[in-house]
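The structure appears right after this line, and notes come after that.
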Amino acid sequence: MDIVRYLPHHDVVFPKIFCHFKIESLFQLRLVSKYWQSLVTEYFKQRRNLDLSEFGQRVTLDAFLQMTSDNKVLKQLLVPEATSWLMDKHLLPVIHNCSHVLTDIDLSNCSQLSSLSLHSLAANCRNLTKVSLKGCAWVGRDDFKQLVINNRDLRKIDVSWCWSLDDGCLINAAFSCAFLEELVLSYIRFVTDSALVIIAMKCKGLKHLSVKRCWQVTNCGIRAIGDHCKDLKILHVIDCRDVTETSLARLRVRGVAVDVPVPS
């Protein structure tokens with residue numbers, strides 16, 4: 001590895017070598033010497049993607065801070081399942097520093113966060129294309145509405161298990177985010193056909209919709225999705241008691257993957 005000392009860091013080492021290292025390897029490299037510690041620290045400052053999905057709660061707060069504290073160029077931040085260590089005071093500086101470039105964020109099941117984090121995202125970010133807030137009970141209606149208004153290029157929204165959201169929030173998202181391709185609304189009890197009809201008319205490029213266990217959804221809402229969203233590929237409607245083959249049969253013929261088995 002001594003040859004690395006003589007290579008341009010930002011033009012060769014970081015984009016051609018370090019980008020292929022696993023995160024564990026980078027932290028091990030930091031332990032070799034002060035030189036390598038400094039070099040890895042500098043790499044973390046300019047890294048544009050940080051995907052901690054495979055680690056979940058095994059990530060330590062200290063490691064997260066080392067990877068993000070001085071970074072101002074993160075485009076992707078995926079920290080799902082950080083249930084025991086990620087708090088607002090740790091995430092807010094990252095949002096503030098990277099709000100101008102952040103496009104993809106996953107905070108699924110980060111239960112220690114609060115509405116402060118969503119408020120910061122909504123107020124500061126304008127370029128988000130993917131937002132995953134699955135299982136975040138702290139997601140509030142007003143901040144969610146502001147988030148979608150300020151991020152009209154959103155392609156993916158996952159707000160499953162965000163129980164406080166209702167038709168008004170989703171209608172707002174439909175009017176604001178016409179380019180939506182994936183919308184996951186599972187386990188939100190306030191979702192009704194009214195929202196689905198507007199989503200169908202405004203988000204015609206929708207490819208993946210999940211309304212699993214949205215008990216107020218009926219054939220009427222699913223029929224509207226089928227009529228308007230010609231690119232639909234995946235539909236999750238399991239445990240939607242009033243959704244039947246009346247609306248699903250036509251989608252199956254089109255090749256849409258439906259999670260409810262065909263009645264025997």
Side-chain angles (χ1 to χ4, degrees), residues 23 48-59 64 67-68 74-88 90-92 94-95 98-99 101-141 143-166 169-170 172-174 176-177 179-188 190-191 195 199 203 205-214 233-236 259:
I23 290 176
R48 285 174 167 75
N49 302 298
L50 185 59
D51 183 357
L52 303 179
S53 302
E54 63 179 292
F55 302 106
Q57 298 186 54
R58 293 188 290 118
V59 177
F64 177 76
M67 290 184 282
T68 61
L74 268 181
K75 297 182 67 176
Q76 180 191 62
L77 178 62
L78 310 183
V79 284
E81 311 298 333
T83 57
S84 60
W85 56 270
L86 185 60
M87 303 177 69
D88 293 324
H90 311 130
L91 181 63
L92 290 177
V94 183
I95 295 174
C98 303
S99 60
V101 292
L102 194 62
T103 62
D104 182 2
I105 189 165
D106 187 349
L107 303 174
S108 298
N109 295 314
C110 291
S111 55
Q112 297 298 314
L113 297 177
S114 75
S115 59
L116 289 174
S117 289
L118 182 59
H119 181 79
S120 181
L121 281 173
N124 295 295
C125 297
R126 297 292 188 275
N127 301 302
L128 293 173
T129 58
K130 297 179 182 179
V131 173
S132 297
L133 299 168
K134 174 184 176 182
C136 296
W138 40 266
V139 171
R141 296 177 182 177
D143 287 327
F144 177 79
K145 289 178 180 179
Q146 194 62 45
L147 179 73
V148 296
I149 288 173
N150 288 341
N151 292 275
R152 296 179 179 270
D153 285 331
L154 276 166
R155 263 59 172 183
K156 173 186 176 180
I157 299 175
D158 185 345
V159 285
S160 48
W161 294 96
C162 294
W163 295 315
S164 68
L165 300 186
D166 60 8
C169 298
L170 303 176
N172 194 284
S176 301
C177 308
F179 302 109
L180 269 179
E181 297 179 358
E182 181 175 350
L183 184 58
V184 184
L185 309 173
S186 306
Y187 299 91
I188 304 180
F190 297 122
V191 177
I199 291 168
C203 306
L206 200 64
K207 297 178 181 178
H208 179 179
L209 174 66
S210 177
V211 288
K212 182 167 55 176
R213 292 202 176 185
C214 295
K233 303 298 182 188
I234 301 172
L235 177 65
H236 293 162
D259 63 346

Kindly indicate whether the side chain of [X], heavy atoms from C-beta on, has any atom under 4.5 Å from the side chain of [Y].
{"X": "Leu102", "Y": "Val94", "answer": "no"}
{"X": "Asp104", "Y": "Asn49", "answer": "no"}
{"X": "Val184", "Y": "Lys134", "answer": "no"}

Any chance you could measure [X], atom [atom1], to [Y], atom [atom2], to the nearest 0.5 Å?
{"X": "Ser99", "Y": "Leu74", "atom1": "OG", "atom2": "CG", "result": "11.5 Å"}
{"X": "Arg48", "Y": "Gln76", "atom1": "CZ", "atom2": "CD", "result": "13.0 Å"}
{"X": "Leu154", "Y": "Leu183", "atom1": "CG", "atom2": "CG", "result": "10.5 Å"}
{"X": "Ser186", "Y": "Arg213", "atom1": "OG", "atom2": "CZ", "result": "10.0 Å"}
{"X": "Glu182", "Y": "Leu209", "atom1": "CD", "atom2": "CG", "result": "10.0 Å"}
{"X": "Ile157", "Y": "Leu185", "atom1": "CD1", "atom2": "CG", "result": "8.5 Å"}

His236 and Asp259: side-chain donor and acceptor closer than 3.5 Å? no
Consider only side-chain N and O atoms of Ser108 and Ser132, and report whether a donor and an acceptor are under 3.5 Å apart. no
Taking all heavy atoms of [X] and all of [Y], pick out the closest pair and write down the distance.
{"X": "Trp85", "Y": "Gln57", "value": "NE1-CA, 4.1 Å"}
{"X": "Ile95", "Y": "Ser117", "value": "CD1-O, 3.9 Å"}
{"X": "Pro80", "Y": "Leu78", "value": "CD-C, 3.3 Å"}
{"X": "Cys110", "Y": "Cys136", "value": "N-SG, 4.2 Å"}
{"X": "Val139", "Y": "Cys162", "value": "CG2-SG, 3.9 Å"}
{"X": "Leu113", "Y": "Trp138", "value": "O-CD1, 3.2 Å"}

Does His208 have more than 12 heavy atoms from other residues, nucleotides or ligands lying within 6.0 Å of its NE2? yes
Step-by-step side chain to side chain contact (heavy atoms under 4.5 Å, CB included) determination, Val59 to Val79: CA-CA 9 Å; Val59 177; Val79 284; over 6 Å; no
Using modelled atom types and a 3.5 Å cut-off, is there a donor and acceptor pairing between side-chain atoms of Ser114 and backbone atoms of Leu116? yes
Any sub-3.5 Å donor-acceptor pair from Arg141's side-chain atoms to Ser164's backbone N or O? yes
Residue pairs involving residues 148-160 (criterion side-chain hydrogen bond (donor to acceptor under 3.5 Å, both in side chains); sequence neighbours excluded): Gln146-Asn150, Asp158-Ser160
Anything under 3.5 Å between a donor and an acceptor, one on a side chain of residues 121-129, the other on a protein residue two or more places apart or in another chain? List them.
from   : atom 1 : to     : atom 2 : distance (Å)
Asn124 : ND2    : Ser120 : O      : 2.9
Asn124 : ND2    : Ser120 : OG     : 3.2
Arg126 : NH1    : Ala123 : O      : 3.0
Arg126 : NH2    : Ala123 : O      : 3.4
Asn127 : ND2    : His100 : O      : 2.9
Thr129 : OG1    : Thr103 : O      : 3.2

Using the side chain to side chain contact (heavy atoms under 4.5 Å, CB included) rule, take Leu180 and Ile199 through it: C-alpha gap first, then chi angles, then the decisive distance, then the call. CA-CA 9 Å; Leu180 269 179; Ile199 291 168; 5.9 Å; no
